[in-house]
Amino acid sequence: MNAPVSLGSLAERLAGVGDVECVTPDLNGIPRGKVMTGEGFLADRRLQLARGVLLQCVMGGYPEAQYYGSDDGDLVLRPLLDQVHVLPWIERPRAMAICEAVELDGQLSGLSTRALLSRVVERYAERGWAPVVATELEFFLFEPNRDDTQPFQPPVGLDGRREAGYGAFSVSTSSGLKPFFDELADTMAALGIPRDTFMHEMGVSQYEINFVHGDPLLIADQTFLFKHALHEVALKHGLIAVCMAKPLARVPGCSMHIHQSVVEQGSSNNIFTDADTGEATAHFGHFIGGLQQCMGELTLLMAPYINSYQRFCHAYASPNNLCWSHDNRSAGLRIPASGPEARRVENRLPGADANPYLSVAASLAAGLYGIDNQCEPSAPAQGEFEAPDELTLPGTLHDAILRLDRSTLARELFGAEFVDGFLASKRMELQSFMDEITPWERRFLGSQV
């Protein structure tokens, strides 16, 4: 915070606010930070955080200190003035500030996923381009789950029954969730997050929200903030919002599709479309080719947990391939039907559990790599098809870790410091899972093997 006018405007916005949650996304996209008094925040008081927090595992704990600096030193949380919001779901006035993670020398931290996305956007700007993205986020609403050995349950509706899974695209209010969705809509408006469309998805009590397309950092910020608000508003209404990739067996999982195009800076000219003919340009094909060449090595950045790979088992709703197609949802890279000016690529691979900053960064970096290196795409897949081996994604967390670990490309795109630290945390999470025995193992192996 450094502009007096901005600080003055901010002081008006934060009048009466007692505390400010100063947060930054960790490697998993979870808000991490500290709570500062409103007075200290407006005084531009320096706020520091241990570097290792950016590599914190989802179950808590950190990899060895060598991955974030052997001294276990600090970085600085620098608030983004346009991402300071009064939180509407809390009675006592409180605010949240999304912060950049900045090293003590003033440089953006190499461990920050927001900084990684910022650098990818800068690479486009160096070429006179600006990427445009939109995310589609799916999630489930369940009753509170007090026993984590039992499956999630949808809430009881106004008719006294639980949804059975036949509500796809329904606009019925029989679920009794309208008060929740009304408050969620009001919350989005208060946080300055525009809504495009909203729908009931195929799963039991599963929903999808589409964000309005825009600048990648802005859209990632909005997705990050929305997921936090979603959890908080759900709890207020006696519900839990779940963004796991696959929370229920034999039910479609949750994705975070990323729509992406590229325009010339200062104009709306889409570089994927020839302005004279309306046909696709070479840049369009090379962008797809880059995704096909890079995404297999970068799968872990879009499917970060053991559960993420269970989503890929439902192949139609969650394609586990790098084939591309015109308006075919069984392809991992889909070209939606649109006019030439809106020609774009929909990356259907990331799950709702993925870090939005990291997923968008990986997708855009891969596309730019394709343009720079003139990567040719495969032939488009249409109808029913079987993906060739070279366009198939890793099928397990273990395989995805190995692919990323062996990737020189990943380190070129995102730096060895981040990739090695990310891998160290993911190995800890995999080990934590392997330390537990699942009900399936007890059910079938315990009595027969």
Side-chain angles (χ1 to χ4, degrees), residues 13-14 17-26 28-36 38 41 58 77 79-99 113-114 133-144 155 175 177-201 205-212 214-215 217-244 247 254-256 350-360:
R13 237 190 313 156
L14 297 182
V17 169
D19 295 310
V20 180
E21 301 170 359
C22 299
V23 302
T24 197
D26 69 2
N28 288 315
I30 296 171
R32 305 286 186 188
K34 296 181 179 181
V35 179
M36 176 180 272
F41 184 81
V58 71
L77 294 183
L80 299 157
L81 291 185
D82 59 348
Q83 290 295 343
V84 179
H85 306 278
V86 177
L87 302 178
W89 59 82
I90 299 177
E91 291 185 11
R92 182 177 179 180
R94 189 181 181 102
M96 171 180 279
I98 299 177
C99 302
T113 56
R114 193 181 192 281
V133 304
T135 55
E136 301 175 352
L137 185 72
E138 296 174 347
F139 59 91
F140 283 85
L141 292 172
F142 296 127
E143 287 186 348
S175 64
L177 299 179
K178 191 172 186 303
F180 161 79
F181 283 111
D182 285 346
E183 180 164 356
L184 186 63
D186 292 343
T187 295
M188 292 181 69
L191 296 177
I193 303 176
R195 291 181 298 143
D196 188 8
T197 57
F198 172 79
M199 56 176 282
H200 192 304
E201 259 291 353
S205 198
Q206 184 189 29
Y207 302 89
E208 176 185 290
I209 187 162
N210 298 341
F211 297 92
V212 177
D215 171 77
L217 279 165
L218 175 62
I219 299 304
D221 283 339
Q222 291 178 350
T223 307
F224 170 74
L225 187 59
F226 172 82
K227 288 179 74 172
H228 179 68
L230 174 69
H231 289 296
E232 296 290 333
V233 175
L235 289 173
K236 186 175 177 182
H237 287 260
L239 304 165
I240 56 171
V242 175
C243 293
M244 287 173 60
C254 284
S255 65
M256 183 178 63
D353 55 347
N355 179 336
Y357 299 96
L358 198 48
S359 294
V360 173

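We number each residue from 1, following the sequence as shown. Because the structure is predicted, anything quoted here is derived from the model rather than measured.
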>> How close do S205 and L177 get, counting heavy atoms only, and between which atoms?
In response: OG-CD1, 4.3 Å

> Considering only heavy atoms from C-beta outward, does the side chain of M256 approach that of P356 to under 4.5 Å?
Replying inline: yes

> Which heavy atom of P247 sits nearest a heavy atom of V242, and at what distance?
Replying inline: CB-CG1, 3.9 Å

> Under 3.5 Å, side chain of D26 to main-chain N/O of N28, donor-acceptor pair present?
Replying inline: yes

> How far does CH2 of W89 sit from NE2 of H231, to the nearest 0.5 angstrom?
Replying inline: 11.0 Å

>> Would you call the rings of F181 and F139 parallel, tilted or perpendicular, taking 30° and 60° as the class edges?
In response: tilted

>> I need the E21 CD to C99 SG distance, nearest 0.5 Å.
In response: 11.0 Å

> Is there a side-chain contact between I240 and L141, using heavy atoms and a 4.5 Å cut-off?
Replying inline: no

>> Within this structure, what is the CZ-CG distance for the pair F226 and L137, rounded to the nearest 0.5 Å?
In response: 6.0 Å

>> Any heavy-atom pair between the side chains of E136 and F211 that's under 4.5 Å?
In response: no

> Which heavy atom of A97 sits nearest a heavy atom of P79, and at what distance?
Replying inline: CB-CB, 4.4 Å

> Can you tell if the side chain of V212 reaches within under 4.5 Å of the side chain of Q222, non-hydrogen atoms only?
Replying inline: no

> When you look at Y357 and T223, which way does the side-chain contact (heavy atoms from CB on, under 4.5 Å) test go after all the steps?
Replying inline: CA-CA 9 Å; Y357 299 96; T223 307; over 6 Å; no

>> I'd like to check L225 versus M96 (side-chain heavy atoms, cut-off strictly below 4.5 Å). Are they in contact?
In response: yes

> Any side-chain heavy-atom pair from L14 and V84 closer than 4.5 angstrom?
Replying inline: yes

> Looking only at side chains, do Q206 and H200 share a donor and an acceptor under 3.5 Å apart?
Replying inline: no

> Between R94 and P88, is there a donor-acceptor pair closer than 3.5 Å when you use the side chain of the first and the backbone of the second?
Replying inline: no

> Hey, mind stepping through F140 and Y207 against ring pair (Phe, Tyr, Trp, His ring centres under 6.0 Å) and telling me if it holds?
Replying inline: CA-CA 6 Å; F140 283 85; Y207 302 89; 8.6 Å; no

> How far apart are the C-alpha atoms of L239 and F142, what are their side-chain angles, what is the distance that settles it, and do they pass the side-chain contact (heavy atoms from CB on, under 4.5 Å) test?
Replying inline: CA-CA 6 Å; L239 304 165; F142 296 127; over 6 Å; no

> Is any side-chain heavy atom of C243 less than 4.5 Å from a side-chain heavy atom of D353?
Replying inline: no

Table please: side-chain donor-acceptor pairs of residues 189-198 below 3.5 Å, with sequence neighbours left out.
unit_1, atom_1, unit_2, atom_2, d
T197, OG1, N210, ND2, 2.6

> Does the side-chain contact (heavy atoms from CB on, under 4.5 Å) test come out yes or no for I98 and T24, once each step is laid out?
Replying inline: CA-CA 6 Å; I98 299 177; T24 197; 5.9 Å; no

> Do E232 and K227 come within less than 4.5 Å of each other through their side chains, counting heavy atoms only?
Replying inline: no

> Under 3.5 Å, is there a donor-acceptor pair between the side chain of E138 and the main chain of S255?
Replying inline: yes

>> Between M36 and D19, is the side-chain contact (heavy atoms from CB on, under 4.5 Å) condition met? List the steps.
In response: CA-CA 6 Å; M36 176 180 272; D19 295 310; over 6 Å; no

>> Please determine whether a side-chain nitrogen of the Lys or Arg among D221 and R114 lies less than 4.0 Å from a carboxylate oxygen of the Asp or Glu.
In response: yes

> Which atoms form the tightest heavy-atom contact between L77 and G33, and what is the distance?
Replying inline: CD1-CA, 4.2 Å

> Looking at T187 and A229, what are the two nearest heavy atoms and their distance?
Replying inline: CG2-CB, 4.0 Å

